[in-house]
2 protein chains.
Amino acid sequence: MATLATVAAAAGVSRQTVSNALNSPELLRPDTLERVQRAIERLGYTPNRAARNLRTRTSHLVGLRLEPAVEGSASGLMDRFLHSLVESTREAGLHVLLFTPEDVNNPLDGYDALLRSAAVDAFVVTDTYRGNPQAAWLEARQVPFVAFGRPWEDPQACFPWVDVDGRAGVRLAVDHLADKGHERIAWVGWQKSSYIGEDRRNGWLDRMHERELPTTRLSARGEDTIEFGRRAAHALLEGEHPTAFVCVSDTVAMGVLQALVDLGRRAAADDVAVVGFDDSLAAQVTGLTSVRQPLEEIAVQIVRLLEDRLAMRTSDEQNIILTPELRVRDTS
Amino acid sequence: MATLATVAAAAGVSRQTVSNALNSPELLRPDTLERVQRAIERLGYTPNRAARNLRTRTSHLVGLRLEPAVEGSASGLMDRFLHSLVESTREAGLHVLLFTPEDVNNPLDGYDALLRSAAVDAFVVTDTYRGNPQAAWLEARQVPFVAFGRPWEDPQACFPWVDVDGRAGVRLAVDHLADKGHERIAWVGWQKSSYIGEDRRNGWLDRMHERELPTTRLSARGEDTIEFGRRAAHALLEGEHPTAFVCVSDTVAMGVLQALVDLGRRAAADDVAVVGFDDSLAAQVTGLTSVRQPLEEIAVQIVRLLEDRLAMRTSDEQNIILTPELRVRDTS
DNA sequence: TGGCAGGTTTGGAACGATCCAGAGCGAGGT
DNA sequence: ACCTCGCTCTGGATCGTTCCAAACCTGCCA
């Protein structure tokens, strides 16, 4: 295997000159640079990562902890996000290293080991919703990291994050339905204790109030299951006879769709309209209109913040909120 | 940051002794070992990965190339597989490094760079279905790797792989339906050019013949889209009036379900039964009975073969075929 | 002609671990 | 008393790169 020394010998220069040819080519005289580059080319040389990592005390690796996926929930967001993240990191000369905790219930497990062994330079933190001890922990240790998700529980928290404006996403959904003539638009959401759930619900309230549409007895809250969506839809339909449903998630929306099937109604623009949230595979496959998170853009922004952080640059704006878009399909 | 030397000084031994305490504790006298371990504990020492990698010429990283996900296909297999793989690698002291190609159309892109920079020790290769130049390429370079998927195009190929017995999976599905009394069981599959598709279809043929059930005009083949599933179901229903459908994928099955909705029929055990393949999120969410690939077990086996390969052990059986199971839900 | 500033190039040291050959030491055999 | 053996432990060399300070040019100016 070719090393710096091999190349140096072949080009008739010193090791350091070869190193400079790669890292600071502007230091070399053009003809030397050319000669070295040819030698590199000829020998098929690629710098050894381990040696470079050791010397520079960097790894160009970004750690991402995979959280256990919830079977049966419609999402599958992670898949799309991962792709985008890996793509963005590649363009930044970084790589994504995955890890899982030994102890799933310890939100900090895994970070420490990677950090102390200098295996990664930084982290991307997801699932900040159930409190974010990781963020505080990493912050305290001055570890570079960027979060996907706001610190809901601690709005003062001062670390870089990127998030989606769920509230605006739901406003889009309500606008869409109201523009189609719907007036009795129901909300099917999560428990009050969910920050994300309440944020999205506020989007519904925003527009319903703005358009002076009724909201009383048109809102249901429960867990993120198909079963809840189904029950909620039955109850709402018996009560205020909504003509449209905006749901906090695709999972819940799937339940609403089932309720419509139960009752022999059609989920469509001209009967009962339904909108979900996440643009999951289930939505794509069942033709459910849904709010789509711009995961590609999120990944790009996360990597941008990460680069700033790694370069010790403090970015002007280190908290970024992106607006989702509505994917209109058969159910509305 | 604590290093070997720091710990050695603290424990009053040489660097090498500390190194041995970690890597070959059986070489040390118990009391020395104890003393060193206490020093390690006290100083919170963790070996530096870069240094270890450099010296041992290993990285304990496994590369996995993320292939572009097909939007709109129901799968989402990768998500589940990744989780399991990361979990299994962790137990083996390895980590998963993700990468994507710059040029998506070049199936080899990305491998070379990681390899030459000694960034990874091995690869896990997926998507071997469209020919497997990666496998041949890696094999030629004697790079340790394990494939998820058989070398369909070159059954002679001699490298370790793990795959799912799709044929057996479909046999399960047909058995299930036939046991429920169905006799006119249709097949909705992929084009003849798909090895995987034909393999699964053979499972259908196996059981239909064995049980002396009719197969003529009960089979359709096309692409992996909802639209195809829908059209195929309409055509089949008009023709031979099947009472059950076995589908090559959940995506196609979703189309079949839609066709039933079109016709006002119910997908259920007592009307028209439908079975999909992959146990995707869409299946879980819509209550579609489906054949589930044992991805957890696949990951375990892949890592086992990988360990053998990395240790230069030649495993007795380096080709493993696992049998999927049937997840019975509402549609059958 | 000598000194000096600038751009180029160089060689030694360092990063933190493991490999390897050999030193120290007590027990057992002759 | 001497030698050998096996168990522990040690110190120097090494992996391949980058940092750092100094050496080397070359042309310019006094």
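Chain naming here is simple, since letters A, B, ... match the order of the sequence lines and numbering starts at 1 in each.
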Would you list the protein and nucleotides 9-16 of chain C atom pairs, both N or O, that sit under 3.5 Å from each other?
| from | atom 1 | to | atom 2 | distance (Å) |
| --- | --- | --- | --- | --- |
| dT9(C) | OP1 | Thr32(A) | OG1 | 2.4 |
| dT9(C) | OP2 | Arg29(A) | N | 3.2 |
| dT10(C) | OP2 | Ser14(A) | N | 2.9 |
| dT10(C) | OP2 | Ser14(A) | OG | 3.1 |
| dT10(C) | OP2 | Thr17(A) | OG1 | 2.8 |
| dG12(C) | N7 | Arg15(A) | NH2 | 3.4 |
| dG12(C) | O6 | Arg15(A) | NH2 | 3.0 |
| dA13(C) | N6 | Arg15(A) | NH2 | 3.1 |
| dA14(C) | N3 | Arg55(A) | NH1 | 2.9 |
| dC15(C) | O3' | Arg57(A) | NH2 | 2.9 |
| dG16(C) | OP1 | Arg57(A) | NH1 | 3.3 |
| dG16(C) | OP1 | Arg57(A) | NH2 | 2.5 |

Does the side chain to side chain contact (heavy atoms under 4.5 Å, CB included) test come out yes or no for Ile320(B) and Asp163(B), once each step is laid out?
CA-CA 6 Å; Ile320(B) 299 178; Asp163(B) 204 358; over 6 Å; no
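Remark: Glu67(A) engages Arg65(A) in a salt bridge, criterion side-chain N to carboxylate O under 4.0 Å.
Inspection of the Asp278(B) and Gln293(B) side chains reveals an N or O donor paired with an N or O acceptor under 3.5 Å. There is a side-chain donor-acceptor pair under 3.5 Å between Asp121(B) and Ser59(B). Between the side chains of Gln37(A) and Glu41(A), not a single donor N or O lies within less than 3.5 Å of an accepting N or O.
For the pair Val146(B) and Trp161(B), the tightest heavy-atom approach, listed with the atom from each and the gap, is CG1-CA, 4.2 Å. Met78(B) and Thr126(B) make their closest contact through CE-CG2, 4.0 Å (heavy atoms, listed as atom of the first residue, atom of the second, distance).
Taking five base pairs at each end of the helix from dT1(C)-dA30(D) to dT30(C)-dA1(D), the local helix axes there meet at an angle of 70°, rounded to 10°.
Contacts of Asn23(B) with the nucleic acid, taken as non-hydrogen atoms under 4.0 Å apart, involve only primed sugar atoms and P, OP1 or OP2.
The number of heavy atoms from other shown groups lying within 6.0 Å of CD (Glu26(B)) is above 12.
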